[in-house]
Amino acid sequence: MTLSQRVFFLFLLAINFGTVVNRKKTRISIIASILFLLLFFLLPAFSQPLSEGNPGDSKHQTVKEKFDPESFIFGHVLDEYEWHIFTYKNFLCTIPLPVILYSKDQGLQVFLSSKLHHGHKSYHGFSIAEEGPYKDKIIETHPDGTISRPVDLSITKVVVAILFSVFLLLIVFLSIAKRYRENPKSAPHGFQNVLEPVILFVRDEVAVPAIGKDKYEKYMPFLLTVFFFILLNNLLGLIPIPPAGANVTGNIAVPMIMALFVLVIVLVSATGYYWKEIFNAPGVPWWLKLPIPLLPLIEFMGLFIRPFVLMIRLFANIIAGHIVALGFFALIFIFGEMKAVAGYGVSVLTIFFTVFLTLLEILVAFIQAYVFTLLSALYFGMAREEGHH
Amino acid sequence: MELVTPGIGLIFWMLLSFTLVLYILGKYAWKPILNALKEREDSIDEALKSADKAREEMKKLQADNEIIIKEAQVEREKMLKEAREMKANIIDHAKEEASVEADKLIEKARMSIRNEKNAAIEELKKQVAVLSVEIAEKILREKLSLDKEQQELIGKYVDEVNLN
C-alpha cells in the first residue's frame with residue numbers, strides 16, 4: 001500500500017472518530033488527528049529504508065504496484081509480526097515487535113521482527129513465508145531444505161494490543177477500586193461516575209436475573225472482566241492510531257479463550273441436576289433416549305456448541321464490521337486507480353458511509369460485549385440450576 | 001482460512017494475559033468495588049429505613065401527644081366541674097348551717113326571753129305579795145278599829161291582787 005493510501009485511510013478514520021466522539025469539537029478533532037499523523041511521519045526511529053540490501057527486488061519499486069483490495073483488507077484484519085504504520089515510496093514505517101520462537105533444532109530464539117523483512121530476509125534460518133500453507137507466518141528452513149513451522153510465541157500486533165488493553169484495564173479499575181476501598185460510602189466522583197452504572201448494569205441487569213440473587217456473586221469477577229475486556233477492545237479497534245486499532249476481538253483466538261473460560265466455568269459449577277437434564281432429561285418420551293440416545297447426544301453437544309457459538313458470534317460481528325469499513329476505503333483506491341477524480345468523488349460518499357458505519361460499530365461494540373456477558377451469565381445460571389421445586 | 005485458524009502464540013498470550021487480568025482485577029478491583037457498592041446500598045437502605053422509622057415514631061408521638069392533650073382537657077373539665085360543684089356544695093352547706101345556727105340562736109334567745117319574763121313575773125308576784133302584805137299590814141295597823149269597813153277593804157284588795 002502506498003503512503004497516499006495509508007494517509008488517506010487514517011485521515012478518514014480519524015475524521016470519523018472525531019465526529020463520533022464529539023460533534024461540537026469535530027474541527028478540533030480533525031486538526032488533532034492531522035497533527036497526530038504528522039507526528040508519525042516524523043518518527044525516524046521506527047522508519048527504515050525499504051530497498052536497503054535488496055537489489056534483486058528493484059523491479060518491485062519500478063513497476064507501480066497494483067492495488068489489491070484483498071491484501072489491503074486482510075492485511076489490516078489479520079495479525080502481523082510488526083506494527084505497520086505507513087509506507088512512503090521506499091520508506092517503510094513500522095514498529096518492530098519481538099519474535100519469540102522455539103524450534104527443535106535451535107531451541108528458544110528471541111529477536112526483533114525488524115530482522116525479518118517480509119519474504120526478503122532470513123535470520124538463523126527463520127523467514128516469513130510468502131506462500132504455501134504457512135503464508136505470512138514465520139517458517140524455519142532446515143539445512144536439508146525442508147520447511148517447518150516452529151512454535152511461535154511472538155509478541156505480535158494483536159498481542160501488543162491485548163497487553164495494552166490489559167494495562168488500561170488494570171490502571172483504570174485498580175485506581176477506581178482504591179477510591180472505593182478508601183471511602184466506600186461516599187458518592188462516586190469523576191471516572192467512577194462513568195463506570196459505576198456499567199458495573200451496576202452488569203450486576204443488576206445481567207448477573208442477578210440470569211444466575212439468581214443468591215448465586216451470582218461468584219461469577220461477577222469473570223462477567224465484569226469479560227464485559228470490559230470485550231468492550232474496551234471493540235472500541236480500541238475503531239481507533240486507527242497505535243497502540244489502538246488492532247483487530248483484537250475480531251481475531252478468533254481472543255474470543256476462543258474467553259469462550260473456553262465460559263465452558264470451564266460451566267463444567268466446574270454444573271450441578272447434578274444439570275447433568276441429569278443433559279443425559280436423562282425429565283418429561284421427555286423414553287424413545288428419544290433409550291435405543292438411540294438422540295436427545296442426550298444433542299444436549300451433550302450443546303454443552304460445547306454454546307461456547308463455540310459465543311466465540312463465533314463475537315468474532316464474526318467484529319471482523320464483519322472491520323471488513324465492511326475497509327471495503328468502503330478500498331473503493332476509494334479502486335476508483336482512484338481508474339481515475340484520480342473518481343477516487344475523490346467516491347471518497348465523499350465513503351466518508352458518509354463510514355461515519356454511519358463507525359456509529360454502527362460503536363453500537364455493535366456495546367451490544368457484543370453485552371451479549372457475550374449475558375449469554376455467559378445465562379449458561380452459568382443454567383449450570384447452577386437446582387431443579388424446579 | 002487463516003481468519004478462522006487461531007495462532008498458537010496468540011492463544012498462549014491471550015490465555016496468559018486474560019487469566020492474569022481476571023485474577024488481578026478479581027482480587028484487587030471487583031471485590032472491593034462490589035463490596036463497596038453493596039455496603040453503600042445497604043447503608044442507603046438502612047438510612048431510608050431508619051428515616052421511615054423515625055417518621056413513624058414521630059407520628060406515633062404526635063398521636064400520643066394529642067391523646068394526652070385530650071385527656072388533660074377532659075381532666076381539666078372534670079376538675080373544674082368538681083370544683084364548681086364543691087363550691088356550690090360548700091356554699092349550700094354553709095347557708096344551711098348558718099340558718100340552723102341562726103334558728104338555734106333565735107330559739108335560745110326566745111327561750112331566755114321567756115325565762116327572763118317568767119322570772120320577772122315570779123319576781124313581780126313575789127314583790128306584789130310582799131307589797132300586798134305590807135299594804136295589808138299598813139292598813140291593818142291603821143284601820144283595825146273599823147271592822148266592817150276593814151273587811152270590805154281587805155276583800156277588795158285581795159280580789160284585786162288575785163286578778164292581777
Side-chain angles (χ1 to χ4, degrees), chain A residues 74 77-79 100-101 133 135-137 149 151-156 158-159 162-163 165-166 169-170 172-181 183-188 192 195-196 199-200 203 217 220-222 224-226 228-229 248 250-254 256-258 260-261 312 315 319, chain B residues 1-70:
Chain A
F74 286 97
V77 158
L78 292 173
D79 208 356
I100 301 165
L101 299 171
K135 190 173 179 293
D136 293 329
K137 298 282 176 209
R149 176 118 168 81
V151 179
D152 185 357
L153 299 180
S154 305
I155 309 286
T156 56
V158 174
V159 175
I162 289 172
L163 294 178
S165 64
V166 164
L169 281 176
L170 289 181
V172 167
F173 286 106
L174 289 181
S175 68
I176 282 180
K178 201 177 148 204
R179 262 203 60 86
Y180 277 106
R181 209 178 305 127
N183 29 4
K185 282 181 189 169
S186 71
Q192 241 182 321
L195 293 172
E196 193 177 304
I199 294 171
L200 287 176
R203 192 190 68 179
E217 271 171 20
M220 279 307 285
F222 177 77
L224 283 169
T225 310
V226 153
F228 282 107
F229 186 87
V248 177
N251 191 306
I252 194 131
V254 173
M256 189 181 94
I257 294 297
M258 291 188 285
L260 273 177
F261 264 87
I312 295 294
F315 160 74
I319 203 159
Chain B
M1 198 57 211
E2 203 200 329
L3 213 55
V4 288
T5 321
I8 267 283
L10 200 52
I11 290 176
F12 171 76
W13 288 112
M14 175 62 192
L15 187 62
L16 191 74
S17 40
F18 191 76
T19 314
L20 210 71
V21 80
L22 183 61
Y23 175 75
I24 295 176
L25 285 185
K27 190 161 184 190
Y28 299 107
W30 304 132
K31 215 170 147 192
I33 289 175
L34 290 171
N35 283 347
L37 286 175
K38 203 165 198 183
E39 204 176 312
R40 195 199 298 157
E41 274 164 11
D42 285 351
S43 81
I44 289 172
D45 255 14
E46 201 122 303
L48 286 177
K49 253 182 219 162
S50 69
D52 264 355
K53 217 169 149 191
R55 208 174 300 137
E56 206 94 315
E57 254 166 38
M58 198 72 165
K59 252 185 212 165
K60 220 167 128 191
L61 256 160
Q62 265 176 345
D64 279 359
N65 275 352
E66 259 165 43
I67 288 172
I68 288 171
I69 286 171
K70 245 178 218 165

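Lettering of chains follows the sequences in order, A, B, ..., and the numbering in each one begins at 1. We use all heavy atoms of the structure for the numbers below, so side chains are in, but hydrogens, waters and symmetry mates are not. From a predicted model like this one, the values you see are computed outputs, not experimental measurements.
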Considering only heavy atoms, which portion of A:I162 lies under 4.5 Å from any heavy atom of chain B: side chain, backbone, both, or neither?
side chain
So which residue, A:V166, A:I199, A:V159, A:D152, ends up with the most heavy-atom pairs under 4.5 Å with chain B?
A:V159
Of A:F315, A:F261, A:F228, the largest count of non-hydrogen pairs under 4.5 angstrom with chain B goes to A:F261
Does atom NZ of A:K137 have more than 12 heavy-atom neighbours from other groups under 6.0 Å away?
yes
Quick one: closest heavy-atom pair of A:A253 and B:M14, and the distance?
O-CG, 4.3 Å
Answer yes when B:R55 and B:D52 have at least one side-chain N-carboxylate O distance shorter than 4.0 Å, and no when they do not.
yes
Under 4.5 Å to a heavy atom of chain A? For B:S43 that would be side chain
If you look at every heavy atom in A:I319 and A:G250, which pair is closest and at what distance?
CD1-O, 3.4 Å
Looking only at A:L174, A:T156, A:V151, the option with the highest number of non-hydrogen pairs under 4.5 Å against chain B is A:L174
Less than 4.0 Å between a side-chain N and a carboxylate O, is that true for A:E217 and B:K38?
yes
Give the member of A:I155, A:L200, A:I100 that has the highest number of heavy-atom pairs under 4.5 Å with chain B.
A:I155
Counting only non-hydrogen atoms closer than 4.5 Å, does A:N251 touch chain B with its backbone (N, CA, C, O), its side chain (CB onward), both, or neither?
side chain
Do A:L163 and B:S17 touch side chain to side chain, with heavy atoms closer than 4.5 Å?
yes
Below 4.5 Å, heavy-atom pairs only: which of B:I8, B:I24, B:L37 has the largest tally toward chain A?
B:L37
Which portion of A:S154 sits near chain B, non-hydrogen atoms under 4.5 angstrom
backbone
Residue, of A:L78, A:V226, A:V77, that accumulates the most heavy atom pairs under 4.5 Å with chain B:
A:L78
Does any backbone or side-chain atom of A:I312 lie under 4.5 Å from a heavy atom of chain B? Answer side chain, backbone, both or neither.
neither
B:I11 versus A:I257: any side-chain heavy-atom pair under 4.5 Å?
yes
Interchain contact, A:F229 with chain B, by part (heavy-atom threshold 4.5 Å)
side chain
Under 4.5 Å from a heavy atom of chain B, the part of A:L169 involved
both
With a 4.5 Å limit on heavy-atom distance, are the side chains of B:D45 and B:E41 in contact?
no
For A:R179, is it the side chain, the backbone, both, or neither that has a heavy atom closer than 4.5 Å to a heavy atom of chain B?
neither
Chi angles and distances behind the side chain to side chain donor-acceptor pair (under 3.5 Å) call for A:Y180, B:E39:
CA-CA 10 Å; A:Y180 277 106; B:E39 204 176 312; over 6 Å; no
Part of B:F12 within contact of chain A (heavy atom distance under 4.5 Å)
side chain
Bottom line for A:V248: the part with an atom under 4.5 Å from chain B's heavy atoms is neither
If you define the side chain from C-beta out and look only at heavy atoms, does anything of B:I33 sit under 4.5 Å from A:L195?
no
Using the side chain to side chain contact (heavy atoms under 4.5 Å, CB included) rule, take B:W30 and A:F173 through it: C-alpha gap first, then chi angles, then the decisive distance, then the call.
CA-CA 8 Å; B:W30 304 132; A:F173 286 106; 3.6 Å; yes
By a 4.5 Å heavy-atom criterion (distance strictly below it), what part of A:D79 contacts chain B: side chain, backbone, both, or neither?
side chain
With a 4.5 angstrom heavy-atom cut-off, could you sort out which part of A:L260 is near chain B: side chain, backbone, both or neither?
neither
Among B:L15, B:L16, B:D42, which residue has the highest count of heavy-atom pairs closer than 4.5 Å to chain A?
B:L15
Checking the side chain of A:R203 only, and the main-chain atoms of A:L224 only, is there a donor and an acceptor separated by less than 3.5 Å?
no
